Number of protein chains: 2
Amino acid sequence: MSNCPRVLVVDDEASIRKFLRVSLSGHGYRVLEASTGAEALACARQERPDLVVLDVGLPDLEGFEVVEQLRRWSAVPVLMLSVRGAEQDKIRALDAGADDYLTKPFGLGELLARVRAALRRAASGPGGEPVRQLGDLRIDLAAHRVFREDREVGLTPREFDLLRVLLQHAGRVLTHRQILEQAWGPEYGHETHLLRVNVSNLRRKIEPDPVRPTFILTEPGVGYRLGGS
Amino acid sequence: MSNCPRVLVVDDEASIRKFLRVSLSGHGYRVLEASTGAEALACARQERPDLVVLDVGLPDLEGFEVVEQLRRWSAVPVLMLSVRGAEQDKIRALDAGADDYLTKPFGLGELLARVRAALRRAASGPGGEPVRQLGDLRIDLAAHRVFREDREVGLTPREFDLLRVLLQHAGRVLTHRQILEQAWGPEYGHETHLLRVNVSNLRRKIEPDPVRPTFILTEPGVGYRLGGS
DNA sequence: CGAGTTCTTGACACGGGCTTGACCCCCAAA
DNA sequence: TTTGGGGGTCAAGCCCGTGTCAAGAACTCG
């Protein structure tokens, strides 16, 4: 669960933090917490959360100021909460840089929906590409590019498909059939020779020493496993 | 003021359209109007507004469906309006792809603030400044002009659409289908031949050496990618 | 209505990727 | 030692994806 979105919850009331923590973590988010504005800024800088849920009323800084400071260096989506429904507050928060504004009391469903919307928007933006690193191997799934030691290696479409399937289950053993069905198609389940040839070609391109593979490991009689980490 | 943000207002009640038109145009926005879902989709496709303000209750399509169809080929921010404040409606709208949801009656100030927030977010995302530079290629999206080494190259409308789509996702691979749906329209998803011809023509105009492209890169079996770095 | 441009469609050449087959090694069992 | 199976490598040929040219259709503007 290391690639679940990380949400920073900022509120000075422990009870609300708890409510948000339970609600969000129960829906697959990893929750970070802060109770003051200064703490929130420090945490955001250090942990780089994917979303910030920020209460307007904080002991040290106004929520507005927190957003303004945050916006100087970060584009993380910010969802502000407040007991005050006054229009002026909403306007001020949004113009300070918040992405959304929710007035208490609010429904949990709406909160979660707005969280989803904010994350979806951020994911489709510039920083949304999942680029994964395995040892000195860097794989940019969105750009369809693979680098080893900062040198790009050109993979054919099939080779890339194969690598992607292995990557999606990195560390686990995949049977020949599983790999073939996912990378080629359901009707290719028995074409193990295809797999052997492509694994060989792929190893020649990404392994430092293809004879002694460190990434694509053979699991004799079963299949392959992407190792390294 | 040809580079003011263009907002598409969709509502079947003329009085509300008028209210929104006056309010928005009074604050520096150019306003387009539609009274049905079908009209809205057609207008969005043709005019490419910067923001859509969409009422949930429409005579032909539900607002939710409009968003869903729109999201198949466009990332334009959508702000939904409704007289219904039920949480289920909000959740449904946001999950359908809307960026924000506002319950009538709402304050004009809040509406404008949420419009500003949505536009700010979109502007900071892909496509930031209206004029972008890639190597010795300069593209002015607002003015529909393209320069290479300070010499203007004349692109046809289609060629410009194609370039714009690639530019909005610069660096990432776009599948043939994605490009076709965004540059031609949702029903052109399979016309890959159109894409090949236009890519070829575009390359001849903007690539220093069309045989060895540096901007529009082919990702065999997948699609194209606008390179640079 | 006509001239120019743009868009679409079709035909075709080329190159590279995919598949296939042959042959190798290694290891374990007979 | 022989034999068979699993796995790996190499090379060749087919096929498909891609790029290009050109002509007809559709559109735009004077």
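Residue numbers begin at 1 in each chain, while the letters A, B, ... track the order of the sequences. Only a predicted model underlies this, so the values are computations on that prediction, with no experimental measurement involved. Worth knowing before you read on, the calculation uses all heavy atoms, side chains too, and leaves out hydrogens, waters and symmetry mates.
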(Q) I'd like to know if the side chain of B/Ser74 and the backbone of B/Val76 have a donor-acceptor N/O pair within less than 3.5 Å. (A) yes
To the nearest angstrom, the CG-C1' distance between A/Leu155 and C/dG16 comes to 15 Å
Whole-Å distance, A/Asn201 CG to D/dA11 P, equals 12 Å
ask   = Do side-chain atoms of B/Lys205 reach the backbone of B/Gly154 as a donor and acceptor pair under 3.5 angstrom?
value = yes
message = With a 4.0 Å cutoff (strictly under), does any side-chain N or O of B/Trp184 reach OP1 or OP2 of C/dC7?
response = no
To the nearest angstrom, the CZ-P distance between B/Arg225 and D/dT18 comes to 14 Å
dist A/Leu162:CG -> A/Trp184:CH2 (nearest 0.5 Å) comes out at 5.0 Å
Out of C/dT19, C/dA22, C/dC7, minimum distance to the side chain of B/Pro157 belongs to C/dC7
Which part of the nucleic acid, if any, lies within contact of B/Glu191, taking any heavy atom under 4.0 Å across all strands shown: a base, the sugar-phosphate backbone alone, or nothing? sugar-phosphate
To the nearest angstrom, the CG-P distance between B/Leu202 and D/dT18 comes to 17 Å
Separation of D/dG5 atom P from A/His176 atom NE2, nearest Å, is 16 Å
ask   = What do you reckon, is CD of B/Gln46 surrounded by more than 12 foreign heavy atoms closer than 6.0 Å?
value = no
Q. Taking OP1 and OP2 of D/dG8, is either one under 4.0 Å from a side-chain nitrogen or oxygen of A/Arg204?
A. no
Practice problem: Could you tell me whether the phosphate oxygens of D/dG8, OP1 or OP2, come under 4.0 Å of any side-chain nitrogen or oxygen in A/Arg203? | Solution: yes
Rounded to whole Å, CD1 of A/Ile216 lies from P of D/dG7 at a distance of 15 Å
Query - Sugar-phosphate, base or nothing in reach of A/Arg196, heavy atoms under 4.0 Å - result: base
| query | Base, sugar-phosphate, or nothing: which does A/Thr192 touch, judged by heavy atoms less than 4.0 Å apart? | reply | nothing
On DNA chain C, more 5' by nearest nucleotide between B/Arg158 and A/Val197 is B/Arg158
* Any chance NZ of B/Lys104 has more than 12 other-residue heavy atoms, nucleotides or ligands included, within less than 6.0 Å? -> yes
Residue pair A/Pro220/B/Val211 against DNA chain D: nearer the 5' end by closest nucleotide is A/Pro220
From CG of B/Leu194 across to C1' of C/dG10 the rounded distance in Å is 12 Å
When rounded to whole Å, the CG to P distance for the pair B/Asn198 and D/dT18 reads 15 Å
Query raised in the report: Do any side-chain nitrogens or oxygens of B/Ser200 fall under 4.0 Å of OP1 or OP2 in D/dT18?
Result: no
Point to revise | Side-chain N,O (A/Tyr224) to OP1/OP2 (D/dG8) below 4.0 Å | key: yes
